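Please read these numbers as outputs of a predicted model, since none were measured by experiment.
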Amino acid sequence: MSRIASLPRRTLLKLPAALGLAACLLGAAGTVQAQGPRNFATLAMVGEPQTLDPMASTADLVGTIMQHVYEPLYTFDAKWNVVPMLAEAQPKISADGKTYTITLRRGVLLHSGRELNADDVVASLQRWMEQAPRGKAVGKELDSIKATSPLAVQIVLKNPYAPLLAQLALPSGMAAIMAKESIATPLKEFVGTGPYRFKERKPDAYVLLTRFDKYSARKEPASGYAGKREALIEELRFVPVPNANTRVEGALAAQYDFADLLPVEALSRLEKATGKTVPILTTSFGFPYLVLNTKEGVAANVGVRRALQTAIGEGEMLAAGFGDTRFFSAEGNHFPKGSPFYSNVGTDLYNQRNAKKAKDEAEKAGYKGEPVRVLTSRQYDFHYNMALLMAEQLKRAGFKVELNVVDWATLVQRRNDSKLWDLYVTHSGQFPEPMLSPPQLGEGAPGWWSSPAKQAALAAFNQETDAAKRGALWGKVQQVVYDEVPYINVGRFNGLAARSLALDGYVPSTWPFFWNARIK
């Protein structure tokens with residue numbers, strides 16, 4: 001059976017429209033090129049974004065698109081250092097570590113044409129702390145936030161909170177700064193300060209962003225997400241292409257200027273297509289992980305979660321997901337060697353693949369054969385392939401498994417309803433600050449993990465501002481994760497994407513960005 005033929009009917013129905021749109025885009029490109037150089041980029045994403053509100057979802061797809069429209073106070077440079085973006089400089093921090101005074105850059109224009117001010121920042125951060133999972137985690141640490149002048153914001157914390165600036169910098173579930181008057185729930189206008197402004201969204205077809213001619217760029221050299229940003233391409237067209245093989249074929253045909261997250265088996269074909277496309281291997285891209293529903297259903301029982309952890313073999317799952325050993329590493333430590341947060345605490349519970357022990361643990365926990373509802377998507381090929389193998393591993397341990405395969409936008413929607421699933425498959429980038437991911441380390445993210453052990457371990461970890469001491473304290477957090485199993489870190493992987501020969505200046509990154517890139 002072909003890969004396309006095995007797709008869910010809903011996805012099959014979308015493919016002709018997606019291919020038709022692509023053909024139209026190619027035709028348009030040909031027409032423009034006949035008259036002169038084209039100045040748009042067609043960017044093939046893994047699916048349809050659930051929302052364009054960067055605070056309403058931690059999905060990487062939403063962050064990837066909307067980081068061009070909205071900007072944070074701080075961002076990451078190429079070495080993952082937190083540096084200023086909309087802030088003028090690093091904050092002034094009081095001696096007790098509780099008060100942060102942040103001065104904004106002068107003359108930064110919103111897409112509406114007026115100048116950004118401290119009231120916009122306060123309103124944006126208040127919304128972020130009310131709605132975004134990571135924002136809610138920060139909100140629990142907050143004593144007050146206020147504008148102290150037109151370009152100054154004061155944040156007062158209840159206790160020192162070491163991850164604050166990193167939380168403010170993350171593109172996923174972003175602390176996006178937006179025009180105060182545009183704030184609504186849901187957002188109807190997308191008014192930010194970024195190098196691109198929102199123009200149009202046609203569901204299942206494209207999201208169109210256009211260059212903001214009055215963008216206020218930083219003067220520092222570009223570095224990672226930091227420094228000078230220039231919108232050198234006039235239009236960015238983000239096109240949902242849910243089928244991984246369609247993204248590959250489109251990349252090989254130079255139909256797309258960029259194709260995101262391609263299956264690893266496509267690497268050899270991409271390498272041979274030297275006249276049309278360039279493969280992009282992003283090392284240490286991230287980690288796949290399994291989120292368990294601790295709120296209700298069969299996985300709400302911590303004993304059952306431990307049995308599920310015992311049953312699976314993460315190494316086998318990674319092999320199923322990626323095949324080529326150049327693309328994955330089976331490690332139980334949540335951070336790699338060399339990181340200040342490297343720890344092997346709890347890793348004896350990693351990659352057990354022990355069906356008999358898991359069956360005994362499940363019976364002792366009171367498991368009665370209820371279905372374990374696994375939610376996954378085929379937009380990310382490795383998610384689906386890992387889920388298939390995991391289902392067999394769980395069945396060998398006596399679990400009844402119900403595999404629910406949906407498109408990514410539906411998964412992102414369903415995971416917010418605790419009645420619809422027991423476990424879902426996802427992935428995250430590998431970041432230098434543990435509190436950035438997964439969002440389950442915060443409060444309120446799907447999975448809804450909350451326990452006295454979690455709160456005690458994280459309070460000690462987050463209130464310690466000494467980097468060396470924080471490294472040792474992370475081991476205690478990692479042990480609680482292994483003991484309570486709110487999520488299972490499967491391992492580490494590298495990412496594969498592709499760009500056309502026409503796209504010049506693209507820098508491989510966890511959340512692809514296209515400022516500073518150009519169409520040759």
Side-chain angles (χ1 to χ4, degrees), residues 43 45 47-73 75 85-86 104 108-139 145 153 167-212 214-215 231 235-240 408-417 439 442 444-446 511 513 515:
L43 313 165
M45 299 288 107
E48 176 75 9
Q50 175 207 18
T51 176
L52 294 182
D53 183 345
M55 298 181 187
S57 175
T58 57
D60 287 342
L61 178 59
V62 178
T64 293
I65 296 172
M66 297 310 287
Q67 66 180 333
H68 296 82
V69 175
Y70 293 110
E71 294 178 304
L73 292 173
T75 191
M85 177 47 69
L86 290 175
L104 306 180
V108 174
L109 295 182
L110 290 152
H111 296 156
S112 58
R114 72 167 177 82
E115 187 173 345
L116 178 76
N117 61 49
D119 288 337
D120 297 307
V121 173
V122 171
S124 298
L125 293 183
Q126 286 175 332
R127 182 181 191 269
W128 178 65
M129 288 184 280
E130 290 169 0
Q131 297 195 14
R134 293 186 180 92
K136 290 177 181 177
V138 173
I145 179 172
V153 174
Q167 292 275 30
L168 293 176
L170 196 68
S172 173
M174 189 195 310
I177 305 305
M178 52 188 67
K180 181 179 179 180
E181 62 272 15
S182 73
I183 291 176
T185 302
L187 281 181
K188 296 180 180 178
E189 297 180 338
F190 306 97
V191 185
T193 60
Y196 288 88
R197 60 196 306 172
F198 173 78
K199 182 174 182 180
E200 183 183 10
R201 178 184 186 180
K202 187 173 182 180
D204 295 323
Y206 58 81
V207 174
L208 181 62
L209 308 182
T210 60
R211 179 166 54 211
F212 178 41
K214 295 182 180 180
Y215 175 65
E235 289 187 350
L236 302 180
R237 304 176 179 183
F238 293 90
V239 181
W408 183 246
T410 300
L411 186 149
V412 171
Q413 182 181 39
R414 288 188 183 179
R415 71 185 183 184
N416 291 318
D417 188 340
W511 300 277
F513 61 85
W515 57 79

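Counting only N and O atoms by type, the side chains of E200 and Y206 include a donor and acceptor under 3.5 Å apart. Residues T193 and E71 have side chains that bring a donor and an acceptor to within less than 3.5 angstrom of each other.
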*Check the pair E189, S112 against side chain to side chain contact (heavy atoms under 4.5 Å, CB included), reporting the backbone distance first and the verdict last.*
CA-CA 10 Å; E189 297 180 338; S112 58; over 6 Å; no

*After noting the C-alpha distance and the side-chain angles of D120 and L110, does the key distance pass the side chain to side chain contact (heavy atoms under 4.5 Å, CB included) rule?*
CA-CA 10 Å; D120 297 307; L110 290 152; 3.9 Å; yes

*Passes side chain to side chain donor-acceptor pair (under 3.5 Å), Q67 versus Y196? Steps please.*
CA-CA 9 Å; Q67 66 180 333; Y196 288 88; over 6 Å; no

*asked:* L209 vs K199, test: side chain to side chain contact (heavy atoms under 4.5 Å, CB included). Steps then yes/no.
replied: CA-CA 5 Å; L209 308 182; K199 182 174 182 180; over 6 Å; no

*Could you walk me through whether M55 and E130 pass side chain to side chain contact (heavy atoms under 4.5 Å, CB included), step by step?*
CA-CA 9 Å; M55 298 181 187; E130 290 169 0; over 6 Å; no

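Here E48 contributes atom CD and R201 contributes atom CZ; the two are 4.5 Å apart, rounded to the nearest 0.5 Å. The structure places CG of L86 at 9.5 Å from OG1 of T75, a figure rounded to the nearest 0.5 Å. Rounded to the nearest 0.5 Å, atoms CG (L61) and CH2 (W511) are 13.5 Å apart. L236 CG to F513 CZ: the interatomic distance, rounded to the nearest 0.5 Å, is 12.5 Å. Here L52 contributes atom CG and F238 contributes atom CZ; the two are 10.5 Å apart, rounded to the nearest 0.5 Å.
A 4.5 Å side-chain heavy-atom check between L116 and L109 finds every atom pair outside the cut-off. A 4.5 Å side-chain heavy-atom check between I177 and W128 finds every atom pair outside the cut-off. Within the 4.5 Å cutoff, no side-chain heavy atoms of P171 are placed close to those of T64. Here the side chains of L125 and L168 are in contact, with some heavy-atom distance below 4.5 Å. A heavy-atom distance below 4.5 Å is not found between the side chains of R197 and K214. Proximity of W515 to Y215: side-chain heavy atoms (C-beta onward) are nowhere separated by under 4.5 Å. Put simply, the side chain of V62 does not reach to within 4.5 Å of the side chain of V412, judged on heavy atoms. With contacts defined as side-chain heavy-atom distances shorter than 4.5 Å, the pair S124/K180 does not qualify.
Judged by distance alone, the side chain of H111 and the main-chain N or O of A179 form no donor-acceptor pair under 3.5 Å. In terms of modelled atom types and a separation under 3.5 Å, the side chain of R134 and the main chain of S172 share a donor-acceptor contact. With D417 contributing its side chain and Q413 its backbone, the two residues share no donor-acceptor pair below 3.5 Å. No donor-acceptor pair under 3.5 Å is formed between the side chain of R237 and the backbone N or O of L208.
Enclosure of atom CZ in R211 by more than 12 non-hydrogen atoms of other residues, nucleotides or ligands within 6.0 angstrom is indicated.
In terms of heavy-atom proximity, A205 sits nearest to V239 at O-CG1, 3.5 Å.
Taking a cutoff of 4.0 Å between a charged side-chain nitrogen and a carboxylate oxygen, D53 and R127 qualify as a salt bridge.
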